[in-house]
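Read through the structure below, which is laid out as C-alpha cells, and then see the notes.
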Amino acid sequence: MQKKIMLVDGHSIINRAFYGVPLLSNAEGIYTNGVYGFLNILFKLLDEDKPDYIAVAFDLSAPTFRHEAFKEYKGNRKGMPEELKPQVPLLKEVLDAMGIKRLEKEGYEADDILGTAAKRAEEQGMEPIIVSGDRDLLQLATDKIKIRIPKTKKGGTEIEDYFAKDLIEKIGVTPLEYIDVKALMGDSSDNIPGVPGIGEKTAIKIIQEYHNIENAIANADYIKPSRASANLKAYEEQARQSKYLATICTEVPIEFDWEQYKLDSIMNPRVYELFKQLEFKSFLDRFSMPSESNSLIMNSNLSEGEYRAVGTKEDFEKIVQEIFEAGRFSFIIFSENHKPIGISFCYADIKGIWVEQSEEFTVEELMAVAKPLFESNTVEKIAHNAKDDMHILKHFGITLRNLTFDTMIGGYVLNPTKETYGYDDLSQEFLGQTFPSEEEILGKGKSKKSIMDLEEKDRTKFAAGQAYIIYHSEKQIRKKLKENNQEQLYYEIEHPLIEVLFSMEEYGFKIDTKKLKEYVTELEEKIDILTKEIYDIAGEEFNINSPKQLGVILFEKLMLPMGKKTKTGYSTAAEVLEKLRNKHIIIEKILEYRQLIKLKTTYGDGLFAVVNKDTNKVHSTFNQTITATGRISSTEPNLQNIPIKLEMGRKIRKVFIPSDEDYLLLDADYSQIELRVLAHIAQDETLIHAFRTGEDIHKITASQVFKVPFDEVTPRQRSNAKAVNFGIVYGIGAFSLSQDLNISRKEAEAYIEGYFEKYPNVRKYMDETIKQAREQGYVTTLFGRRRVIPDISSNNFTRRSFGERVAMNTPIQGTAADIIKIAMIKVFNKLKEKNLKSRLILQVHDELLVEVHKDEVDEVKQILKHEMEHAAKLDVPLDVDMHLGKTWFETK
DNA sequence: CCTTTCACG
DNA sequence: ACGTACGTGAAAGGA
C-alpha cells in the first residue's frame with residue numbers, strides 16, 4: 001500500500017471556512033468560526049482519506065519569495081481579512097494540540113512549500129493529497145497528486161477533486177497549462193494582474209490553442225477577439241510577470257522527515273479541553289472510540305486506584321465480604337433504559353470494582369448479593385445523587401441505609417450556581433486530576449452509546465474510576481464545608497432532605513384521569529371554536545401558535561401598532577397584546593386561545609404523558625441541585641407551576657386527588673415568608689413590629705409609605721404597596737416599579753424613597769449586602785447557604801446591576817428556602833416517628849402539601865402548623881395558613 | 001438547539 | 001447613558 005500524505009493549505013482553508021459558517025465567538029470575543037469551519041473540513045477529509053501523514057502549511061507574515069518579486073512590480077500583496085487574523089494563532093494552537101505539524105518557512109509562500117512537499121512525496125512513491133481553497137494549486141495535479149478543493153455550502157461541505165485528468169476533463173487544459181491560464185486571466189485575490197480584457201473563458205480558449213503564453217504572444221496577431229489580441233501585445237511584459245507569479249515553486253530548500261508528520265492520536269485530552277473551552281460541542285463526540293482502547297479513560301491518572309472487573313456471583317460475594325470488612329464504600333449504579341446493568345464500588349481507599357450483569361450473573365442476582373451491604377446500618381455509604389440510586393434499589397426491594405455523604409449535594413452546597421455536578425467536575429475540582437465526562441466517552445442524545453460498547457478494561461476503569469472519584473472527593477468536600485461554615489447546612493438540612501424528597505417522589509400524587517380527560521375535551525372544544533373565529537377575523541388560516549406568523553397577521557395584515565420588538569421580530573407576548581385589547585376584536589380571541597392552549601398542552605396533555613397508567617399517579621422529580629438560591633425544582637411533571645391565578649386554569653387542580661378515599665389533602669402555606677425573612681435579617685424595628693402585630697403587611701406598608709392612617713388605606717394604595725414590597729424583595733429599581741404600577745418613574749422613586757424612610761434598616765441591609773458581596777465575592781443566607789456573584793464587580797453596568805439585585809435577593813429567597821426545607825424534614829420525621837399514615841407529598845416554595853389520613857387530620861394539622869412555624873427562630877413570627885380538601889382545588 | 005411564550009412562588 | 005425585578009420548567013415553532 002502506498003502511504004497517503006495530506007497537505008493542507010492553512011490560510012486558504014481557514015479563509016474559506018470563515019465565510020462558510022455562521023459567526024461564532026468565544027468568551028474573549030475572538031471569532032472562532034474560521035477554526036471551527038477548518039476543523040469541520042479537516043475531519044471530513046480525514047474520515048474520507050484516512051491519510052498516514054498530515055501537515056498544514058502557513059504563510060509567515062514576512063515577505064515571501066514570490067511576493068518580493070511582485071513588490072518591485074506593483075506594490076503590496078493583499079493580506080488576509082483583518083477579522084480572520086486572530087483566528088490563525090488559535091488554529092495553530094489547536095493543530096499543535098492535535099500533534100499536527102506545520103509547514104512554514106520564512107521567505108516562502110504556503111503554496112510553494114506545499115508544491116515542493118507534494119513533488120517530493122510523489123517522487124518517493126507516496127500519494128499526496130493537497131487540500132486548498134485556491135484553484136492556483138491545480139497546477140500541481142498529476143496522476144498521483146490529487147488536489148481537493150472544499151466548498152462550504154448550506155447543506156454541508158462539498159469537495160471538488162482533481163487529478164491531472166480531471167483538470168483536462170473539466171477545464172480543458174493540463175495542470176501546467178493552467179499556470180498560463182492564470183497568467184492571462186489574473187487573480188485579484190493573489191494580486192496577479194493578468195492581461196486586461198482577458199477573462200477566464202478567453203484565457204482557456206487561448207491556452208487550449210497555443211498551450212502557453214510565450215506561444216500565444218508570438219501568435220498574438222491571430223488571436224480573437226481583437227481586444228484580447230491587442231492587449232496581449234500591449235501587456236506582454238505583464239503577462240510574463242504574471243506567469244512568474246502564478247508559477248508555484250517546487251524547489252523550496254526544505255528537508256522533509258515524513259515520520260514527524262505521522263497522523264497519530266489527534267483526539268487527546270488536551271484537544272478535548274480546548275474544544276470545550278472553544279465550545280466546539282459537535283466535535284466532542286469524536287473523542288469516544290469504543291472499538292479501540294479509549295485513551296481518554298486510560299490516560300486519566302486516578303493515581304493509586306486498583307481497578308478490577310467482576311462478572312461472577314462467587315467473585316462478587318468475596319468483594320462484598322471485603323467491603324463489609326472495610327466498613328465504608330462508595331458506589332454508582334449504572335442504568336440503561338431504566339434498568340441497572342452494573343454497579344461500581346470503591347473501598348479501602350484504592351480498590352475500584354466494576355460488577356456487571358450477564359446471562360450467567362443476572363442483575364437480580366447481583367442485587368441480591370449486594371442487598372445486605374446496602375441495608376447495613378454500620379457500613380457507611382458515599383453516593384452521588386443518592387436519590388436516584390434509592391429509587392433503583394427500592395425496585396429490587398432494597399432500602400439504602402447509612403448513607404453518610406452525597407457528593408452531588410455536597411458540591412451543590414459549596415457552589416449552587418454550577419450547571420452540572422459531574423464526576424469529571426469533582427475529579428478536577430477536588431482531586432486535581434482530569435477524568436473524562438460521560439458525554440466524552442459515550443456521547444449524548446440520540447447517538448449516546450452504551451458503556452457495554454467500551455472494551456472491558458475501559459469500562460472497568462470508567463465505572464470504577466467514578467466510584468474512586470466520589471470516594472476521595474468526599475473528604476475534600478467535607479473539609480471545604482467545614483472551612484465555609486456550611487456543616488449545619490449540609491448535615492442538618494440538605495443531607496436529611498434527600499430522604500424526604502425521595503419519599504415524595506416515590507409516593508407520588510394521584511390524578512383523577514377521568515376528570516382530566518373531560519377537562520382536556522372541554523378545552524379542545526373551546527379551542528376549536530376560537531380557532532375558527534380567529535381565522536374568520538384574520539381572513540386566512542395560519543398557525544396561531546407561531547409568534548412569527550401571528551406577528552405578520554397582527555402588525556402587517558391588520559396594521560395594529562406594534563409595541564415591543566424581540567430579537568427576531570414583533571413581540572406578541574400577552575403584555576403587548578393586552579394593550580391592543582380595545583384596538584381589534586381578534587386580540588381577546590388570541591389571548592383566550594393562548595390561555596386555553598397552554599392549559600391543554602402543558603397541563604392537560606403534559607400531565608397525561610407522565611401519569612403512571614397502572615396507578616394513575618404522577619411521580620415528579622424534585623431536583624435538589626438546580627437553583628442558585630437553594631430552592632428545589634420540580635420536573636416531569638413540574639408540580640410547582642400548576643395554575644391557580646386564573647379561574648379556568650385553577651380548575652385543573654380538581655384532578656389532583658388523594659390516593660384513596662380514606663385520605664384528604666392538607667395544604668399549609670407560609671404567609672409572607674420572604675418579607676418576614678427580610679424583617680429579620682435587616683433587623684428593621686418597624687418591619688419587625690409590623691409583623692408582630694399580625695396585621696395585613698401590605699396595608700401597613702401602604703399606611704407607612706403613603707402616610708395615611710392604617711384604617712384609611714384604600715385598596716389601590718394597598719395594591720401599590722404590595723408591588724413595592726415585591727420590588728424590595730427582588731432588589732428594586734424605580735423604572736421596573738413604574739412599569740409594574742403604570743406610574744411615572746418619579747412617582748416610583750418617591751414610593752421607594754418613602755419605603756426606605758420608614759424602613760431605614762432595610763436600606764442599610766441592601767447597601768451592606770452589596771458591599772459585602774463586592775468584598776468577599778459571595779452572599780450567604782441565615783443558614784450559611786452561599787452564592788458567589790462574580791458579576792457584582794463587572795465593569796458592565798447591566799451585569800453589575802444584575803449582580804447587585806442578586807446580592808439583595810438571594811439571602812431573602814435563600815433563607816426562606818432553608819426554612820421550608822427544615823420544616824419538611826421535621827414534618828417528615830414526625831410523621832414517621834409517630835407511625836402515621838399521612839405523607840408529605842409536595843413542596844411549592846412556601847407551601848407544603850400533605851396527603852392526610854381521615855383519622856389523623858387533627859394530629860397532622862397540629863404537627864404541620866407547629867413544625868412549619870417553629871422551623872426557624874426569627875425575630876418575627878412565622879405564620880402558616882392551612883386548608884383541607886378532597887382535591888387540591890379545594891385546599892384554597 | 002435556540003427563541004418565545006407562559007405557568008408558578 | 002446604560003436597560004431593567006428574583007427564582008424556576010414545559011411546549012411549540014423554526015432554523
Polar side-chain atom of A/Tyr603 near backbone of A/Gly649 as donor-acceptor pair, under 3.5 Å: no
Any side-chain heavy-atom pair of A/Lys654 and A/Glu518 under 4.5 Å: no
Which residue lies more 5' along DNA chain C, comparing A/Gln813 with A/Ala734 via nearest heavy atoms: A/Ala734
Listed nucleotide nearest any side-chain atom of A/Tyr730, set B/dT3, B/dT5, B/dG9: B/dG9
For atom CG of A/Asn623 and atom P of C/dG7, their distance in whole Å: 17 Å
Minimal non-hydrogen separation, A/Gly604 against A/Ile652, with atom names: N-CD1, 4.2 Å
Touch class at under 4.0 angstrom, heavy-atom based, for A/Gly731 against every strand present: nothing
Gap between atoms CG and C1', on A/Leu741 and C/dA5 respectively (whole Å): 12 Å
Complementary nucleotide of C/dA1, counting Watson-Crick and G-U pairs under 3.5 Å: none
Among A/Glu505, A/Glu506, A/Glu494, salt bridge (charged side-chain N to carboxylate O under 4.0 Å, His left out) partner for A/Lys387: A/Glu505
Side chain of A/Tyr603 (C-beta onward), nearest among B/dA7, C/dG7, C/dT4: B/dA7
Closest to side chain of A/Ala574, choosing from B/dC6, C/dG9, C/dA5: B/dC6
Phosphate contact (B/dT4 OP1 or OP2) by A/Thr568 side-chain N/O below 4.0 Å: yes
Which residues share a salt bridge (Lys or Arg N to Asp or Glu O under 4.0 Å) with A/Arg786, sequence neighbours left out: none
Pairs under 3.5 angstrom, nitrogen or oxygen only, protein versus nucleotides 13-15 of chain C, please.
| residue | atom | partner | partner atom | Å |
| --- | --- | --- | --- | --- |
| C/dG13 | OP1 | A/Asn543 | ND2 | 2.9 |
| C/dG13 | O3' | A/Ser546 | OG | 3.3 |
| C/dG14 | OP1 | A/Ser546 | OG | 2.6 |
| C/dG14 | OP1 | A/Gln549 | NE2 | 3.2 |
| C/dA15 | OP1 | A/Lys548 | NZ | 3.4 |

Nearest listed nucleotide, side chain of A/Ser571, among C/dA10, B/dT3, B/dT5: B/dT5
Residue A/Thr566, side-chain heavy atoms: nucleotide from B/dT5, C/dA5, C/dT8 that is nearest: B/dT5
Length of the CD-C1' vector between A/Glu804 and C/dC2, whole Å: 13 Å
Listed nucleotide nearest any side-chain atom of A/Arg594, set B/dT5, B/dA7, C/dA5: B/dT5
Ionic contact status for A/Glu592 with A/Lys526, cut-off 4.0 Å: no
Gap between atoms CZ and C1', on A/Arg805 and C/dC6 respectively (whole Å): 9 Å
Between B/dT4 and C/dA5 - P atom distance, rounded Å: 15 Å
C/dT4 versus B/dT5 - spacing of their P atoms, nearest Å: 15 Å
Touch class at under 4.0 angstrom, heavy-atom based, for A/Val806 against every strand present: sugar-phosphate
Touch class at under 4.0 angstrom, heavy-atom based, for A/Thr810 against every strand present: nothing
Spacing between A/Ile752 atom CD1 and C/dA5 atom P, to the nearest angstrom: 14 Å
Sugar-phosphate only, base, or nothing, as touched by A/Glu636 at under 4.0 Å among non-hydrogen atoms: sugar-phosphate
Spacing between A/Phe622 atom CZ and B/dC8 atom C1', to the nearest angstrom: 14 Å
Phosphate OP1/OP2 of B/dT5 contacted by A/Thr572 side-chain N/O (<4.0 Å): yes
Within residues 640-656 of chain A, residues whose heavy atoms come under 4.0 Å of DNA chain B: A/Gln640, A/Asn641, A/Ile642, A/Pro643, A/Ile644, A/Lys645
A/Gln595 CD - C/dA11 C1' separation (whole Å): 16 Å
Sugar-phosphate, base or nothing in reach of A/Arg631, heavy atoms under 4.0 Å: base
Residue A/Phe797, side-chain heavy atoms: nucleotide from C/dC6, C/dC2, C/dA11 that is nearest: C/dC2
Side chain of A/Ser633 - closest among C/dT8, C/dT4, B/dG9: C/dT8
A/Asn809 CG - C/dT8 C1' separation (whole Å): 13 Å
Touch class at under 4.0 angstrom, heavy-atom based, for A/Arg745 against every strand present: base
Sugar-phosphate, base or nothing in reach of A/Phe726, heavy atoms under 4.0 Å: nothing
Side chain A/Glu674, main chain A/Ile812, donor-acceptor under 3.5 Å: no
Sugar-phosphate, base or nothing in reach of A/Ile626, heavy atoms under 4.0 Å: sugar-phosphate
Mate of B/dC2 where both pairing distances stay under 3.5 Å, Watson-Crick or G-U: C/dG13
Touch class at under 4.0 angstrom, heavy-atom based, for A/Ala817 against every strand present: nothing
N/O donor-acceptor pair under 3.5 Å between A/Lys557 side chain and A/Ala538 backbone: yes
4.5 Å side-chain heavy-atom contact, A/Lys821 and A/Arg785: yes
Pair A/Glu578 + A/Arg581: basic N to acidic O under 4.0 Å: yes
A/His391 and A/Phe502 aromatic ring geometry - parallel, tilted or perpendicular at 30°/60° bounds: tilted
Plane angle bin for A/Trp888 and A/Phe509 - parallel if under 30°, tilted between 30 and 60°, otherwise perpendicular: tilted
